[in-house]
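Everything below concerns the one structure shown next.
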Amino acid sequence: MTPTGKFSYLDELNDVQRQAVEATEGPVLVVAGPGSGKTRVLTYRIAHLLEKGAAPWDVLTLTFTNKAAREMKERIEKVVGPKANKVWAGTFHSTFARILRVEAEKIGYPSNFTIYDTEDSKSLLRTIVKEMNLDKNAYNINTVRSRISSAKSNLITPKLYVDNEELRSQDRMAKMPHVATIYGKYTARCKRSGAMDFDDLLYRLYELLQSNPDGVLDKYRKKFKYLLVDEFQDTNQLQYAIVRKLVNYDQSPRNICVVGDDAQSIYAFRGATIQNILDFEADFKPHGIRVFKLEQNYRSTDHIVQAANEVITYNRRQIQKKIWSDKGDGQRVKIIKAMTDAEEGRRVADTVLEQKNRYHLRNSDIAVLYRTNSQSRIFEEYLRRYNVHYQVFGGLSFYQRKEVKDLIAYLRLVVNPRDEEALRRVINFPKRGIGNTTIEKIGEIAASQGISFWEALPMAPASARAKKSIADFIQMIKGAALKIETANAFELAAYIAKRSGLADFLKNDTSIEGMGRLENFNALLDGINAFVEEDTVIDTETIPDKSLATYLQNIALLTDFDVKNADGEYVTLMSVHAAKGLEFKSIFVVGMEEKLFPSFMSMDTVEGLDEERRLFYVAITRAEQFLTLSYANSRYRFGQMRYNEPSRFLAEIPMNHVESTHAIPSSDRVENMATSAKVSGSFKRRTSANGPNSGFMTDPKTFKPSPNEKIQAGMKVLHLKFGEGKVLSIDGGQGNRVATIFFQKIDNPQRRIMLKFAKLQILD
DNA sequence: GTTGGTATCTGTGGA
DNA sequence: AGATACCAAC
């Protein structure tokens, strides 16, 4: 079949891709390896739907980032023209917020509800923990928040939480038995404040569809005739439950297509579960699901692809697939070892320069990826020193800066005075003589009467001066709220900036940082002005509504990515998580050390390690041509020098894909241990308690050594002392063969063993 | 209520 | 090291 005429875009697809695009009716699962043209399939599929006569507004595409949604729309537009803009394509959060905006009142929320960001949530939780007189050290706010978040992501309401013995006993073991109560109070407080947190945007939509007031469920089932979900491996139970509500019912055509890669699932901490992919297959099996596997990688050269393939085999469960590339062998993986984090920074920057010169790479071809955002500093330092332009993504986004959040809090308050977190933030900033005692009293009144903080404000038993301040504050907010119908968002913001004293406060701070803050503050005002003046594309939509409420609702879901200018020539610095879906000619994955990558937080469980390994898989598969991994023997953390061993992931890359001038990490380590022990007396040698000398890992009675000639790379073998291992590679001539073997259970897992002396039993 | 100094704590990822 | 929480003195 040779597609002709207007279907010519089909020519740009390989066989499997085309089948996935053309299977428009009924349930479809696309398992897409890295660089396999996943986005191309999704966009062409939508284009194909439109060409075949579907109306743009019949199609709903859910992504995880605004960037992905935006990209998709742009690419659809290239194929089908401007009607692409009428397709519903957005993030789960923004799309659901948009629907909730319309339907909120059906579930007891105002349509101008506030969206609480993580800081707001944590601040509210802190208040609740305090009010309940609980020990805030026992109730770590991040832990509490994530418990509540994952409860919501698993469809567990406060009521269900109370009755859930498993969760309750986990809480008791963690010495925080009152999480259930906190969860209940938190939910009530959000509702009373007319606020939804990020999880609520999903949960409340589910609740809406579930309770189905005024046949609202049917309305959306009819509206979205085709549903597509990107990065399905990163959905949580709640998201999948919503998807099922929308498409999986009697008489439904079940036109749903989900695209994902189990090997790239890296958001389990956010409640995502690979189980969703497996469930999807089972749930739609009775309805003729079709599964397509995209296995050809168009992004990377072979050494990189094979290294990635090999690394991921160390994970337990996975959907079988073999990613391959026909782009030639390309360069081997380069490994940089450094003594200190500073040396790592310098050598990475050196290599950046070298690659720019030798291979004529541009800054924008290069990215430095790290496990934690705090690692960015040292690379910034050296790149700046070398005069290489760079851009850091992640970390504090523009909208999270204090000066920006302060003004936004005022604006939030004008739109929704019940917004307690906004109110608490600005009631005494700039200072107007309303202190903690007064604020606490107001909180108590609100709690005892079951009213919002705002409504309790005038009842505050305070000094005459404080009362006057409060009255004035109320007046200011009410005054601004009155203008909401007549003034546009910018006029209101400018008014509040002046009237609140914020603008003056910032102008009076002449320090360097203070000037920076003023700049940000003004940039925010400019941004609001631009929103009013132009057809600003904020999310993926051209927003027709210029109200302050619309503005606030949109920026609440923006991240750093969406603000930074995407053009320009700079080296990209970002976390591995943030790099998902991106590609660069040259990738540096830095900080390849035990306890950092894999993170110490994830090291004690197999599931945790598997997720870290998938994260590493994502990192290395971002590279098209050059992949450099680096680690440092020591680095500063919390003002203290810490020593780490090279990451176990390094040892999982077979030697034949690694640049040979670099010795393997485990043998490096022996040298480095010796030198650093001399240099620094405090260096702690690993105790051998569970190391190789602590005795046999294998029962000598059942151990049957195999003939050494039979040992080959890739085999699983058993060693008397070291236990089970995997032969990574074999080198050396006949009679002198040396095997590099990875033994999972020992401290320095990668070992070089002379086969003529070794006793090894082949396991498979 | 506000200010400024000191103790304490933090140890991943992000919509 | 850097942010935040807490506390004593104004």
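This structure is a prediction, so every number in the text was calculated from the model and none was measured. A, B, ... follow the sequence lines: proteins, then strands. Residue 1 opens every chain.
Counting any heavy atom pair closer than 4.0 Å across all strands shown, A:Tyr636 reaches no nucleic acid atom. Using a 4.0 Å heavy-atom criterion, one finds that A:Thr437 contacts the sugar-phosphate atoms exclusively. A:Phe64 comes within 4.0 angstrom of sugar-phosphate atoms only, judged by non-hydrogen atoms across all strands, and of no base. Within 4.0 Å of A:Arg145, counting heavy atoms only, lies at least one base atom of the nucleic acid.
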Practice task
Could you walk me through whether A:Tyr186 and A:Ser121 pass side chain to side chain contact (heavy atoms under 4.5 Å, CB included), step by step?
Solution key: CA-CA 9 Å; A:Tyr186 173 78; A:Ser121 297; 3.0 Å; yes
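With sequence neighbours excluded, no residue forms a ring pair (Phe, Tyr, Trp, His ring centres under 6.0 Å) with A:Phe453. By the side-chain hydrogen bond (donor to acceptor under 3.5 Å, both in side chains) test, A:Asp200 pairs with A:Lys152, sequence neighbours left out. For A:Arg432, the side-chain hydrogen bond (donor to acceptor under 3.5 Å, both in side chains) partners are A:Tyr410, not counting sequence neighbours. By the side-chain hydrogen bond (donor to acceptor under 3.5 Å, both in side chains) test, A:Asn142 is found to be paired with A:Lys122, residues two or more places apart in sequence or in another chain being considered. Qualifying side chain to side chain contact (heavy atoms under 4.5 Å, CB included) partners for A:Gln475, counting only residues two or more places apart in sequence or in other chains: none. Take A:Tyr382 and apply the side-chain hydrogen bond (donor to acceptor under 3.5 Å, both in side chains) test, not counting sequence neighbours, and it matches no residue.
On the P atoms, C:dT4 is 16 Å away from B:dG13, given to the nearest whole Å.
With a 4.5 Å cut-off on side-chain heavy atoms, A:Thr187 and A:Ile148 do not count as touching.
Separating the NZ atom of A:Lys152 from the P atom of B:dA15 is a distance of 18 Å, rounded to the nearest angstrom. Rounded to an integer number of Å, the gap from A:Ile427 CD1 to B:dG1 P is 11 Å. Between the CD atom of A:Glu231 and the C1' atom of B:dG14 there is a distance of 13 Å, given to the nearest Å. We find that CZ of A:Phe393 is positioned 13 Å from P of B:dG14, with the value rounded to whole Å. Atom CZ of A:Phe92 and atom C1' of B:dA15 are 11 Å apart (whole Å). One atom, CD of A:Glu119, and another, P of B:dG14, lie 14 Å apart when rounded to the nearest Å. As a whole-Å value, the separation of A:Asp199 CG from B:dA15 C1' is 9 Å. As rounded to whole Å, 14 Å separates atom P of B:dA15 from atom CD1 of A:Ile115.
The salt bridge (Lys or Arg N to Asp or Glu O under 4.0 Å) contacts involving residues 598-620 of chain A comprise A:Arg316-A:Glu607, A:Arg316-A:Asp610, A:Arg371-A:Glu612, A:Asp610-A:Arg613, A:Glu611-A:Arg614, A:Arg613-A:Glu652, where partners must be two or more places apart or lie in separate chains. Pairs passing the side-chain hydrogen bond (donor to acceptor under 3.5 Å, both in side chains) check and including a residue from residues 436-446 of chain A, sequence neighbours excluded, do not occur. Pairs passing the salt bridge (Lys or Arg N to Asp or Glu O under 4.0 Å) check and including a residue from residues 132-143 of chain A, sequence neighbours excluded, do not occur.
Applying the 4.0 Å criterion to OP1 and OP2 of B:dG14, one finds that A:Ser575 has a side-chain N or O inside that range.
Here chain A contacts DNA chain C (any atom closer than 4.0 Å to a heavy atom, that is under 4.0 Å), and the contacts span C:dA1 to C:dC6 from 5' to 3'.
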Using atom names, set out every protein N or O paired with an N or O of nucleotides 9-12 of chain B below 3.5 Å, distance rounded to 0.1 Å.
| residue | atom | partner | partner atom | Å |
| --- | --- | --- | --- | --- |
| B:dG11 | N1 | A:Arg642 | NH1 | 3.4 |
| B:dG11 | N2 | A:Arg642 | NH1 | 3.4 |
| B:dT12 | OP1 | A:Arg637 | NH2 | 2.5 |
| B:dT12 | O2 | A:Arg371 | NH1 | 3.3 |
| B:dT12 | O2 | A:Arg371 | NH2 | 2.1 |

Every protein N/O within reach of nucleotides 2-4 of chain B N/O, cut-off under 3.5 Å:
| residue | atom | partner | partner atom | Å |
| --- | --- | --- | --- | --- |
| B:dT2 | OP1 | A:Gly433 | N | 3.1 |
| B:dT2 | OP2 | A:Asn428 | ND2 | 3.1 |

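When A:Phe280, A:Phe92, A:Tyr267, A:Phe64 are each tested for a ring-ring contact (aromatic ring centres under 6.0 Å, His included) with A:Phe232, only one passes: A:Phe280.
In this model, a side-chain donor or acceptor of A:Thr118 finds a partner on the base of B:dA15 within 3.5 Å.
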